[in-house]
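Here's the structure, in structure tokens; my notes come after.
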Amino acid sequence: VQLVESGGGLVQAGGSLRLSCAASGLKWDDFAIIWYRQAPGKEREGVACINHGDGRTYYSDAVKGRFLVSSDKAKNTVYLQMNNLKPEDTAVYYCAAETSVLVSPGSWHVPHAPFWGQGTQVSVSS
């Protein structure tokens with residue numbers, strides 16, 4: 001399994017970015033793709049999840065209403081559209097793949113997925 005993130009960068013507060021996670025080597029419908037982020041000195045936190053097994057999506061309270069996760073099966077790519085960005089969104093963003101049946105409303109955000117990308121930096125200036 002290989003996951004490759006792209007789309008990070010520097011943006012002003014209130015701006016938007018779209019991250020991409022290109023996945024290969026996995027059976028699409030058997031996996032959930034989860035976006036995490038980690039800011040300096042902080043723990044890695046779950047941001048958004050799309051479960052291809054049941055079609056459900058999940059968001060952390062910090063990003064709900066501002067971020068949107070979607071996927072394009074034909075392109076084997078999951079997207080994270082980030083709108084109204086805030087300085088506190090500054091972090092390295094990772095995508096990870098977890099077996100879909102292991103993802104639940106209470107556990108999706110826990111960073112125990114077996115497959116990870118290398119991360120992409122998102123910086124939001126005030």
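Keep in mind that the numbers below use all heavy atoms, side chains included, and drop hydrogens, waters and symmetry copies. Note that this is a predicted model, so its numbers are computed, not measured.
Gly25 approaches Val1 most closely through the heavy-atom pair O-CG2, 3.5 Å. Heavy-atom minimum distance, Glu5 versus Trp35: CG-CZ3, 4.0 Å. Nearest heavy atoms, Val103 versus Asn51: CB-ND2, 3.7 Å. Val69 and Ala48 make their closest contact through CB-CB, 4.1 Å (heavy atoms, listed as atom of the first residue, atom of the second, distance). Ala97 approaches Ala113 most closely through the heavy-atom pair O-CB, 3.5 Å. Ile33 approaches Cys95 most closely through the heavy-atom pair CG2-CB, 4.2 Å.
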(request) Evaluate the side-chain contact (heavy atoms from CB on, under 4.5 Å) criterion for residues Met82 and Asp89: first the C-alpha distance (whole Å), next the side-chain angles of each, then the deciding distance (0.1 Å), finally the verdict. (result) CA-CA 9 Å; Met82 306 186 295; Asp89 294 318; over 6 Å; no
(message) Show, in sequence, the C-alpha distance, side-chain angles and deciding distance for His52 and Val78, and conclude whether the side-chain contact (heavy atoms from CB on, under 4.5 Å) test is met.
(response) CA-CA 10 Å; His52 296 128; Val78 172; 3.9 Å; yes
(request) Using the side-chain contact (heavy atoms from CB on, under 4.5 Å) rule, take Gln81 and Ser16 through it: C-alpha gap first, then chi angles, then the decisive distance, then the call. (result) CA-CA 7 Å; Gln81 178 67 42; Ser16 298; 3.9 Å; yes
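At a threshold of 4.5 Å between side-chain heavy atoms, the hydrophobic network of Ile, Leu, Val, Met, Phe, Trp and Tyr places Tyr36 and Leu26 in two separate groups. In the hydrophobic cluster analysis, where Ile, Leu, Val, Met, Phe, Trp and Tyr join through side-chain heavy atoms closer than 4.5 angstrom, Leu68 is grouped together with Leu19. Note on Phe115: it clusters hydrophobically with Tyr93, by side-chain heavy-atom contacts below 4.5 Å among ILVMFWY residues. Clustering ILVMFWY residues whenever any of their side-chain heavy atoms sit less than 4.5 angstrom apart, transitively, puts Leu80 in a cluster other than the one holding Tyr94. Tracing side-chain contacts under 4.5 Å through hydrophobic residues (I, L, V, M, F, W, Y), one never reaches Val110 starting from Phe31; they form parts of separate clusters.
Once rounded to the nearest 0.5 Å, the distance linking CD of Glu45 with OG of Ser60 reads 6.0 Å. Separation of atoms CG (Leu17) and CG (Asn83) is listed at 9.5 Å; rounding is to 0.5 Å. Atom OG1 of Thr77 and atom CG of Asp72 lie 6.5 Å apart (nearest 0.5 Å). Here Thr57 contributes atom OG1 and Phe67 contributes atom CZ; the two are 14.5 Å apart, rounded to the nearest 0.5 Å. Taken to the nearest 0.5 Å, the CG atom of Leu85 stands 8.5 Å off from the OG1 atom of Thr90. The OG1 atom of Thr120 sits 14.0 Å away from atom CZ of Arg37, with the distance rounded to the nearest 0.5 Å.
Asp30 places no side-chain N or O within 3.5 Å of a backbone atom of Lys27 that could act as its donor or acceptor partner. In this structure a side-chain-to-backbone donor-acceptor pair under 3.5 Å is present from Arg66 to Ala62.
Contact annotation: the side chain of Val124 never approaches that of Lys86 to less than 4.5 Å [non-hydrogen atoms, C-beta and beyond]. A 4.5 Å side-chain heavy-atom check between Pro111 and Trp116 finds at least one atom pair inside the cut-off.
Glu98 and His112 form a side-chain donor-acceptor contact under 3.5 Å, judged by distance and modelled atom types alone. Using modelled atom types and a 3.5 Å distance limit, the side chains of Tyr79 and Arg18 yield no donor-acceptor pair.
A salt bridge links Lys64 with Asp61: the closest approach of a Lys/Arg side-chain nitrogen to an acidic carboxylate oxygen falls below 4.0 angstrom.
Classification of the Tyr58-Trp108 ring pair by plane angle, with boundaries at 30° and 60°, yields parallel.
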